[in-house]
> 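Supplied in structure tokens, the structure appears directly below.
Values below: all heavy atoms of this structure, side chains included; hydrogens, waters and symmetry mates excluded.
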Amino acid sequence: MAVWALGINHTTAPLDLRGRFAFAIDQIQPTLHALRENLQGKLARQPEAAILSTCNRTEIYCAGAEHDLDPTVDWLAHSGGVSPSLLRSHAYVLRDGMAARHAFRVASGLDSMVLGEAQILGQLKDAVREAEQAGALGTTLNQLFQRSFAVAKEVRSATEIGAHSISMAAAAVRLASQLFEDLGKIRVLFVGAGEMIELAATHFAAKNPAGIAIANRTLERGEKLASRFGGEVMRLADLPHRLHEFDAVVSSTASQLPIIGLGAVERAVKLRKHRPIFMVDLAVPRDIEPEVKALEDVYLYTVDDLAHVVQTGQAQRQAAVAQAEAIIDAGVQSFLHWMDQRRTVPLIQQLNAQADEWRAVELARARRLLARGEDIDTVLEQLSRALTQKMLHGPMAELRAGDEQTRERASAAIEHFFLRKER
């Protein structure tokens, strides 16, 4: 089996390009079906596949009889509405050992914007679960990902890679504290109710703001989150009319189009009499139209803008990176060894089938002799001799071959497989 990976991330592609290839969790399974059908093409069967999509990366992992990188690039480019050449200029394509190394580094947090962050491991597990439920995960990718989880666990327990790390949510709070003298006096609006918003709300709630509100498309989910922080819940449709009530807005939804437009923010700024409004857009694609950034009294930050803030503590974690890379190297070698062993599986299956066929033939003959009343010891002797002869026929024929090179090769093989006393 061949393994390959294709991806873009925060270091290779700008936010708006990443937004074209962002898949919400409920889109993963149908997207996997479309990808595998497209890749099957000339192949006898569909390749294994998994898709990891977060605010910082979209990656496709595949396993099949042969590397199908070009069709994978073409399919992803088409799904995002860009040319394959444009996608290639921002993407990375990896094969076999390099693909495994990348998966292990991603799971361990070494490839994250926040070095050593743990959230990516949960996101990778979610991606694997979706692939499994879609029937897209086979033996090879399952091994790859299970080993990546094990490597990530060892990296986190054996190194200090996660020490001193600052999450995107914590970075948002830090930026807000630079704008507002007292976070206890501001009202904060969270748009969405997913994992990222829950994390952000937890960090802001720790500062005891004057008010917290959750705006979500589904009221039930919004109410559940709001109740945790003593906040109110509001419909997403009411957001444009109430935006001016909040000093800080943090948004992270799975919407494919911006849900906070320039006009709505302009009206909010006017109603606020130009009091500053702090906005953080953690969504990919964007939740807030980029033109908002140009407005006076509006301080808008995207996930990419937060990059320099979360770099704090990187130097302290660099020593742990070398340790983590050593653990990953061992994991890659172990996976490649497993891949090599898998290449002998068809031969092992053929050998077992041949041995079973010999056994069945001689067993049937022995039963017929016993049924005729033949002596049991004589039948057993014949059975053992017949099986031995069948097993040794091939090697003996090679030893009697006229070709000297064939005889030498056969002699070495026979000594190795049949005459070794120490195993």
> Distance from Trp358 atom CH2 to Thr388 atom OG1, nearest 0.5 Å?
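If I round to the nearest 0.5 Å, the distance is 11.0 Å.
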
> Restricting to pairs with a member in residues 101-149, which pass ring-ring contact (aromatic ring centres under 6.0 Å, His included), not counting sequence neighbours?
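Found Tyr61-Phe145, Tyr92-His102.
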
> May I ask you to decide if Gly80's main-chain N or O and Arg20's side chain share a donor-acceptor pair within less than 3.5 Å?
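Yes, because the side chain of Arg20 sits within donor-acceptor range (under 3.5 Å) of the backbone of Gly80.
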
> Do Phe417 and Pro395 make a side-chain contact, defined as non-hydrogen atoms from C-beta onward lying under 4.5 Å apart?
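With C-beta onward as the side chain, the pair stays apart.
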
> Test side chain to side chain contact (heavy atoms under 4.5 Å, CB included) on Asn352 and Glu357; report intermediate values, then the result.
CA-CA 9 Å; Asn352 282 330; Glu357 182 183 335; over 6 Å; no

> Does a donor on one side chain sit under 3.5 Å from an acceptor on the other, for Asn142 and Thr139?
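Looking only at side-chain atoms, Thr139 and Asn142 do not form any donor-acceptor pair under 3.5 Å.
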
> Is it true that atom CD of Gln405 has more than 12 heavy atoms of other residues, nucleotides or ligands lying nearer than 6.0 Å?
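Atom CD in Gln405 is not crowded, with 12 or fewer foreign heavy atoms closer than 6.0 Å.
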
> Could you tell me whether the side chain of Leu141 reaches within less than 4.5 Å of the side chain of Val128, counting heavy atoms only?
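The answer is no, as the side chains (C-beta and beyond) never meet within the 4.5 Å cut-off.
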
> Measuring from Ile60:CD1 to Leu76:CG, what's the distance to the nearest 0.5 Å?
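So the gap between those two atoms works out to 4.5 Å.
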
> May I have the step-by-step check of side chain to side chain contact (heavy atoms under 4.5 Å, CB included) for Ser252 and Val191, ending in yes or no?
CA-CA 6 Å; Ser252 181; Val191 184; over 6 Å; no

> State whether Glu232 and Arg242 are salt-bridged, where the test is any N-O pair (Lys NZ or Arg NE/NH1/NH2 against Asp/Glu carboxylate O) under 4.0 Å.
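Judged by the 4.0 Å cut-off on N to carboxylate O distance, Glu232 and Arg242 do form a salt bridge.
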
> Could you tell me whether the side chain of Thr58 reaches within less than 4.5 Å of the side chain of Leu52, counting heavy atoms only?
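The answer is no; the side chains never approach within 4.5 Å.
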
> Is any side-chain heavy atom of Pro84 closer than 4.5 Å to a side-chain heavy atom of Leu87?
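Pro84 vs Leu87: side chains apart.
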
> Taking Arg221's backbone N and O only, do any of them form a donor-acceptor pair with Thr218's side chain (distance below 3.5 Å, no angle check)?
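No.
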
> Checking Lys207 side chain against Leu183 main chain: does a donor-acceptor pair fall under 3.5 Å?
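No.
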
> In this structure, are over 12 heavy atoms from other groups packed under 6.0 Å from Met1 atom CE?
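Yes - once you tally the heavy atoms of other residues, nucleotides and ligands closer than 6.0 Å, there are more than 12.
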
> Hey, are the side chains of Leu236 and Asn216 touching, using non-hydrogen atoms and a 4.5 Å cut-off?
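No - every pair of side-chain heavy atoms lies 4.5 Å or more apart.
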
> On a heavy-atom basis, which atom in Leu225 and which in Gly192 lie closest, and how many Å separate them?
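Answer, listing the atom of Leu225 first, then Gly192: CD2-O, 4.5 Å.
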
> For atom CD of Gln178, decide whether the heavy atoms of other residues, nucleotides or ligands shown that lie under 6.0 angstrom number more than 12.
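Yes, CD of Gln178 has more than 12 neighbouring heavy atoms, counting only those of other groups under 6.0 Å.
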
> Determine, step by step, whether Asp305 and Leu300 satisfy the side chain to side chain contact (heavy atoms under 4.5 Å, CB included) criterion, reporting the C-alpha distance in whole Å, the side-chain angles of both residues, the deciding distance to 0.1 Å, and the verdict.
CA-CA 9 Å; Asp305 294 326; Leu300 172 62; 5.8 Å; no

> Examine distances only and state if a side-chain atom of Glu48 and a backbone atom of Ala63 form a donor-acceptor pair shorter than 3.5 Å.
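Side chain of Glu48 to backbone of Ala63: no pair is present.
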
> So how far is it from Arg359 CZ to Lys390 NZ, rounded to the nearest 0.5 Å?
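Taking CZ in Arg359 and NZ in Lys390, the distance rounds to 13.5 Å.
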
> To the nearest 0.5 angstrom, please state how far the CD atom of Gln133 sits from the CG atom of Leu32.
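One gets 11.0 Å once the value is rounded to the nearest 0.5 Å.
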
> Give me the atom names and distance for the closest heavy-atom approach of Ser148 to Ala103.
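Heavy atoms only, the tightest pair is CB-O, 4.1 Å.
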
> Where is the tightest heavy-atom contact between Leu69 and Ala5, given as atom of each residue plus distance?
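So the minimum-distance heavy-atom pair works out to CD2-O, 4.0 Å.
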
> Are Arg409 and Glu398 close enough for a salt bridge, meaning some N to O gap below 4.0 Å?
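Not counted as a salt bridge, because no side-chain N and carboxylate O are separated by less than 4.0 Å.
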
> Is the shortest side-chain N to carboxylate O distance from Arg129 to Asp126 below 4.0 Å?
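Salt bridge: yes.
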
> So, does Asp340 use its side chain to make a donor-acceptor pair with the main chain of His337 at under 3.5 Å?
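Looks like no, no N/O pair under 3.5 Å.
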
> Could Arg18 and Asp304 be called an ion pair, given the rule that one side-chain N must be under 4.0 Å from one carboxylate O?
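Asp304 and Arg18: salt-bridged.
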
> Set out, in order, the CA-CA distance, both residues' side-chain angles and the distance that settles side chain to side chain contact (heavy atoms under 4.5 Å, CB included) for Met168 and Val114, then state yes or no.
CA-CA 8 Å; Met168 302 291 280; Val114 183; 4.2 Å; yes

> Would you say Thr54's side chain and Asn56's backbone share a donor-acceptor pair under 3.5 angstrom?
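Yes: the side chain of Thr54 pairs with the backbone of Asn56.
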
> Evaluate the side-chain proximity of Ser411 to Leu399: yes if any heavy-atom separation is below 4.5 Å, no if none is.
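Yes - at least one pair of side-chain heavy atoms lies under 4.5 Å apart.
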
> With a 4.0 Å cut-off, would you call Arg101 and Asp111 a salt bridge?
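No salt bridge links Arg101 with Asp111.
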
> Identify the heavy atoms of Ile120 and Ser112 that sit nearest to each other, and give their distance.
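For Ile120 versus Ser112, the nearest heavy atoms are CG2-OG, 3.8 Å.
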
> Between the side chain of Arg217 and the main-chain N/O of Ser255, is any donor-acceptor distance below 3.5 Å?
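Judged by distance alone, no pair lies under 3.5 Å.
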
> Passes side-chain hydrogen bond (donor to acceptor under 3.5 Å, both in side chains), Asp96 versus His67? Steps please.
CA-CA 9 Å; Asp96 300 326; His67 295 110; 3.2 Å; yes

> Rounded to the nearest 0.5 Å, how far does CG of Leu6 lie from CG of Asp68?
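So the CG of Asp68 and the CG of Leu6 are separated by 12.0 Å.
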
> Taking the side chain as everything from C-beta on, heavy atoms only, tell me whether Val188 gets closer than 4.5 Å to Asp247.
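Val188 does not reach Asp247 side chain to side chain.
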
> Using atom types as modelled and distance alone, determine if a side-chain donor or acceptor of Glu117 lies under 3.5 Å from a backbone N or O of Gly109.
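No.
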
> If you compare all heavy atoms of Phe190 against all heavy atoms of Ala201, which two are closest, and at what distance to 0.1 Å?
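Closest heavy-atom pair between Phe190 and Ala201: CZ-CA, 3.5 Å.
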
> Is it the case that the side chain of Arg36 and the backbone of Gly135 share a donor-acceptor pair, with hydrogens and angles ignored and the cut-off at 3.5 Å?
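Yes: the side chain of Arg36 pairs with the backbone of Gly135.
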
> Just checking Lys293: does its NZ atom have more than 12 heavy atoms from other residues, nucleotides or ligands closer to it than 6.0 angstrom?
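Atom NZ in Lys293 is crowded, with more than 12 foreign heavy atoms closer than 6.0 Å.
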
> I want to check something: taking the side chain as every heavy atom from C-beta on, are Cys55 and Met113 in contact at a cut-off of under 4.5 Å?
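No; the side chains remain at least 4.5 Å from each other.
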
> Name each donor-acceptor pair under 3.5 Å that joins a side chain in residues 274-286 to protein atoms two or more places apart or in another chain, with its distance.
residue, atom, partner, partner atom, Å
His274, ND1, Asp297, OD2, 2.9
Arg275, NE, Arg272, O, 3.3
Asp281, OD1, Ala283, N, 3.0
Asp281, OD1, Asp287, N, 3.3
Asp281, OD2, Asp287, N, 2.9
Asp281, OD2, Ile288, N, 2.8
Arg286, NE, Asp16, OD1, 2.6
Arg286, NH2, Asp16, OD2, 3.3

> What pair of heavy atoms forms the shortest contact from Ala99 to Val3, and how long is it?
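Scanning both residues completely, I find the closest heavy atoms to be CB-CG1, 4.1 Å.
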
> Do any N or O atoms from the side chain of Gln143 and from the backbone of Thr140 form a donor-acceptor pair under 3.5 angstrom?
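Between the backbone of Thr140 and the side chain of Gln143 there is no qualifying donor-acceptor contact (under 3.5 Å).
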
> Quick check for you: to the nearest 0.5 Å, what is the distance between Glu59 atom CD and Ile8 atom CD1?
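If I round to the nearest 0.5 Å, the distance is 9.5 Å.
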
